[in-house]
Amino acid sequence: MPRETMATKRERAMLVEERMMAHYGEGACSLDYRNPFQLVVAVVLSAQCTDAAVNRVTPALFERYPAPADLAGARLEDIERIIHPLGFFHSKARSLQGLARTLATEFDSKVPQDMQLLQKLPGVGRKTANVVMCEAFRDARGIAVDTHVFRIAHRLKFAGPSADTADKTERQLLKVYPKEQWLYINHQWVHFGRDYCRARNPRCADCFAADLCPSCEA
């Protein structure tokens with residue numbers, strides 16, 4: 001395949017997004033939450049486990065600790081007991097309590113609507129901040145690159161071999177997609193990754209974007 005120009009890549013990306021929008025709409029968050037605080041907690045818990053697993057433990061967590069101050073004052077072992085099924089529960093419990101204390105003491109118990117301030121919360125990196133900005137505030141400042149987005153970006157050749165981290169992959173995606181589409185990419189691609197572009201045995205023969213994917217040419 002000849003080297004693709006950026007202009008041609010952007011045209012192909014636009015066609016991919018048109019089909020994603022037709023198939024998934026704007027996409028829907030797989031995590032259950034009722035407010036920005038619950039969303040931040042759920043996204044932190046989703047690291048290295050499935051959203052479905054997170055949704056099974058958060059009802060009890062949110063019922064017992066509905067506000068940052070409640071979680072900040074909890075016993076660490078009580079938080080661990082609730083989130084134990086998710087794995088990595090020791091470090092996740094510390095992160096949750098740390099972010100709750102930071103919200104309660106520095107942000108008047110309100111989740112900040114700012115990328116840099118969000119990343120000051122324990123356990124919150126750029127990916128989590130991107131999810132919160134897009135999902136809770138409808139204010140896309142980037143594209144959240146999780147395992148699905150990373151995989152799909154490389155299979156579609158929107159990210160090159162040098163983009164070997166989530167941050168590098170995001171930077172390349174931001175050059176390909178216009179800002180008005182950043183809001184939808186993560187949710188759409190998460191569903192697409194589960195339905196079609198799976199890590200193992202991708203369903204290329206059934207994929208609605210197969211003709212736009214260089215990895216499906218063979």
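As the structure is a computational prediction, the values presented were derived from the model and not from experiment. Starting from 1, each residue takes its place in the sequence as its number. Computed from heavy atoms alone, side chains included, the values below leave out hydrogens, waters and symmetry copies.
With N55 contributing its side chain and D32 its backbone, the two residues share a donor-acceptor pair below 3.5 Å. Under a 3.5 Å cut-off, the side chain of Q188 and the backbone N or O of G27 do not form any donor-acceptor pair. Side chain of Q113 to main chain of M133: no donor-acceptor pair is present (N/O by atom type, distance under 3.5 Å, no hydrogens or angles). In terms of modelled atom types and a separation under 3.5 Å, the side chain of R198 and the main chain of R203 share no donor-acceptor contact. Between the Q172 side chain and the K168 main chain, no donor and acceptor come within less than 3.5 Å of each other. In this structure a side-chain-to-backbone donor-acceptor pair under 3.5 Å is present from R12 to L212. Proximity of a side-chain donor or acceptor of R64 to a complementary backbone N or O of L71 within less than 3.5 Å is not detected. With hydrogens and angles ignored, the 3.5 Å screen pairs a side-chain donor or acceptor of K92 with a backbone N or O of L45. Looking at Q38, its side chain does come within 3.5 Å of a backbone N or O of R34 through a donor-acceptor pair. Between the side chain of R151 and the backbone N or O of C197, at least one donor-acceptor pair lies under 3.5 Å.
Both F208 and W189 sit in one connected hydrophobic cluster of ILVMFWY residues. Membership requires side-chain heavy atoms under 4.5 Å apart, directly or through other members. Taking hydrophobic clusters as Ile, Leu, Val, Met, Phe, Trp and Tyr residues chained together by side-chain heavy-atom distances below 4.5 Å, I143 shares a cluster with V16. Clustering ILVMFWY residues whenever any of their side-chain heavy atoms sit less than 4.5 angstrom apart, transitively, puts L15 in the very cluster that holds M20. Under a hydrophobic clustering in which Ile, Leu, Val, Met, Phe, Trp and Tyr are joined whenever their side-chain heavy atoms come within less than 4.5 Å, directly or via other members, V57 and L31 fall into the same cluster. In the hydrophobic cluster analysis, where Ile, Leu, Val, Met, Phe, Trp and Tyr join through side-chain heavy atoms closer than 4.5 angstrom, V190 is grouped apart from W182.
Of the N and O atoms on the side chains of R81 and H84, not one donor lies less than 3.5 Å from an acceptor on the other residue.
Atom OG in S91 sits 8.0 Å away from atom CD in Q48 (nearest 0.5 Å). For the atom pair CD of E106 and CZ of R101, the computed distance is 13.0 Å after rounding to the nearest 0.5 Å. Here SG of C29 is found 7.0 Å from CG of D51. Values are rounded to the nearest 0.5 Å. One distance of note links CZ of F62 with OH of Y33; it measures 11.0 Å at 0.5 Å rounding. Rounding to the nearest 0.5 Å places CG of N186 at 8.5 Å from CG of N130. Here the CG-CZ distance, from L121 to F107, works out to 6.0 Å after rounding to the nearest 0.5 Å.
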From CA spacing to verdict: side-chain hydrogen bond (donor to acceptor under 3.5 Å, both in side chains), H187, E26
CA-CA 7 Å; H187 288 339; E26 294 184 2; over 6 Å; no
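L118 places none of its side-chain heavy atoms less than 4.5 Å from the side chain of R141. Taking the side chain as every heavy atom from C-beta outward, P112 and K120 never approach each other to under 4.5 Å.
Results of the ring pair (Phe, Tyr, Trp, His ring centres under 6.0 Å) test with Y196 over H23, H191, H148 single out H23 as the only residue that passes.
Y24 and F192 have perpendicular rings, their planes meeting at more than 60° on a 0 to 90° scale where under 30° would count as parallel.
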